[in-house]
Amino acid sequence: RDRYQRRVHGRICQRKFKTEKMTTIQGCNTPSSGFFGAMGCASALVFANLGASYGTAKAGVGVAHLGIIAPAKLMRGIVPVVMAGILGIYGLIVAVIIAGGIKETYSQFAGYVHFGAGLSAGLASLAAGLAIGIVGDSSVRAYGKQDKVFVAMILMLIFAEALGLYGLIVALLMNSVAQSMMCDKK
């Protein structure tokens, strides 16, 4: 056998050039490849929505308090709730992209990368939701007593939201890697 030929699961797989894909080396069409892709899809959605729900609930308590002490400021005070809701959209975007990538030519490598992409987006959004909830609750309460806190609150929320955006960006980059490692259709 030459250096571009290997035996995998009793079958010989070969390629003509170094850059050509080797279907059996990557573990094509194995049950675990689809499982890991589906787990990436689920983890992106579940963890992102956990972060969004916590951020919405925690900041919503502060908004309710704001409605009691300063009802005129209520519409500006819902900014943390809206920003927390966006985190769920990040998870939905990644889950839909991963689900669209699970095909007949799905490799184990792609499954593992999609699992990592789902965890990246989901856990980053979870962390962002925790930060938005805590910052939103305390900042909205403070905004009810002092108008000058509003700009600082927005800046803190933007930096907290950026954590979820970083996870989304990394997940999209990982998805492009997974798409390039699909098996050859035969």
Side-chain angles (χ1 to χ4, degrees), residues 32 34-102 110-179:
S32 65
F35 171 77
F36 280 104
M39 287 302 294
C41 182
S43 63
L45 192 61
V46 167
F47 289 128
N49 284 326
L50 281 172
S53 64
Y54 179 82
T56 300
K58 185 82 168 145
V61 171
V63 172
H65 182 73
L66 179 66
I68 294 170
I69 61 172
K73 299 178 181 180
L74 195 59
M75 288 311 290
R76 289 181 85 185
I78 63 167
V79 172
V81 174
V82 172
M83 291 183 81
I86 292 171
L87 298 173
I89 296 171
Y90 293 166
L92 178 64
I93 290 169
V94 172
V96 167
I97 289 172
I98 291 172
I102 301 174
Y112 297 149
V113 172
H114 277 153
F115 182 55
L119 286 176
S120 169
L123 293 176
S125 293
L126 176 61
L130 293 172
I132 287 172
I134 294 168
V135 167
D137 182 28
S138 59
S139 295
V140 166
R141 290 173 190 255
Y143 172 61
K145 297 177 182 173
Q146 176 60 259
D147 287 341
K148 294 179 182 178
V149 174
F150 186 75
V151 174
M153 175 183 76
I154 295 298
L155 287 174
M156 288 184 284
L157 290 171
I158 287 171
F159 286 118
E161 182 80 25
L163 299 174
L165 189 59
Y166 299 154
L168 173 67
I169 291 168
V170 168
L172 293 175
L173 292 172
M174 291 175 79
N175 181 61
S176 66
V177 170
Q179 294 300 322

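Residues take their numbers from the sequence shown, with the count starting at 1. What you see is a predicted model, and the numbers here were worked out from it, not measured in a lab. Excluded from the calculations below are hydrogen atoms, water molecules and symmetry mates; all remaining heavy atoms, backbone and side chain alike, are included.
With respect to Ile132, the side chain to side chain contact (heavy atoms under 4.5 Å, CB included) criterion is satisfied by exactly one of Val79, Ile86, Leu157, Val81: Leu157.
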**Request:** Using the side-chain contact (heavy atoms from CB on, under 4.5 Å) rule, take Val61 and Arg141 through it: C-alpha gap first, then chi angles, then the decisive distance, then the call.
**Result:** CA-CA 9 Å; Val61 171; Arg141 290 173 190 255; 3.2 Å; yes
**Request:** Check step by step if side-chain contact (heavy atoms from CB on, under 4.5 Å) holds for Lys58 and Ile134.
**Result:** CA-CA 7 Å; Lys58 185 82 168 145; Ile134 294 168; 4.3 Å; yes
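With rounding to the nearest 0.5 Å, the separation of CG in Leu119 from CE in Met174 is 8.5 Å. Of the inter-residue distances, the one linking Lys73 atom NZ with Ile78 atom CD1 reads 16.0 Å to the nearest 0.5 angstrom. In this structure, CG in Leu165 is found 4.5 Å from OH in Tyr90, a value given to the nearest 0.5 Å. Considering CD1 of Ile89 and OG of Ser125, their distance stands at 10.5 Å, rounded to 0.5 Å. Thr56 OG1 to Leu87 CG: the interatomic distance, rounded to the nearest 0.5 Å, is 8.0 Å. To the nearest 0.5 Å, the span separating CG on Leu172 from CD1 on Ile98 amounts to 9.5 Å.
Residue pairs meeting the ring pair (Phe, Tyr, Trp, His ring centres under 6.0 Å) criterion with at least one partner in residues 144-169, sequence neighbours excluded, are Tyr143-Phe150.
Annotation: ring-ring contact (aromatic ring centres under 6.0 Å, His included) contacts of Phe36 (sequence neighbours excluded): Tyr112, Phe115.
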Review item, side-chain donor-acceptor pairs of residues 39-53, under 3.5 Å, at least two apart:
unit_1: Ser43; atom_1: OG; unit_2: Met39; atom_2: O; d: 2.9
unit_1: Ser43; atom_1: OG; unit_2: Gly40; atom_2: O; d: 3.1
unit_1: Asn49; atom_1: ND2; unit_2: Leu45; atom_2: O; d: 3.1
unit_1: Ser53; atom_1: OG; unit_2: Asn49; atom_2: O; d: 3.0
unit_1: Ser53; atom_1: OG; unit_2: Leu50; atom_2: O; d: 3.0

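A pairwise comparison of heavy atoms in Ala178 and Ala110 identifies O-CB, 3.8 Å as the closest pair. Between Val94 and Ala121 the shortest heavy-atom distance is CG2-CB, 3.6 Å. The heavy-atom pair separating Gly144 from Ala70 by the smallest distance is O-CB, 3.9 Å. The two atoms that bring Ser120 and Gly167 nearest to each other are OG-O, 3.4 Å, heavy atoms only.
Judged by distance alone, with hydrogens and angles left aside, the side-chain atoms of Ser176 form a donor-acceptor pair with the main-chain N or O of Leu173 at under 3.5 Å.
By the 4.5 Å heavy-atom criterion applied to side chains, Val140 and Pro80 are counted as neighbours. His114 is listed as a side-chain neighbour of Gln179, based on a closest heavy-atom distance under 4.5 Å.
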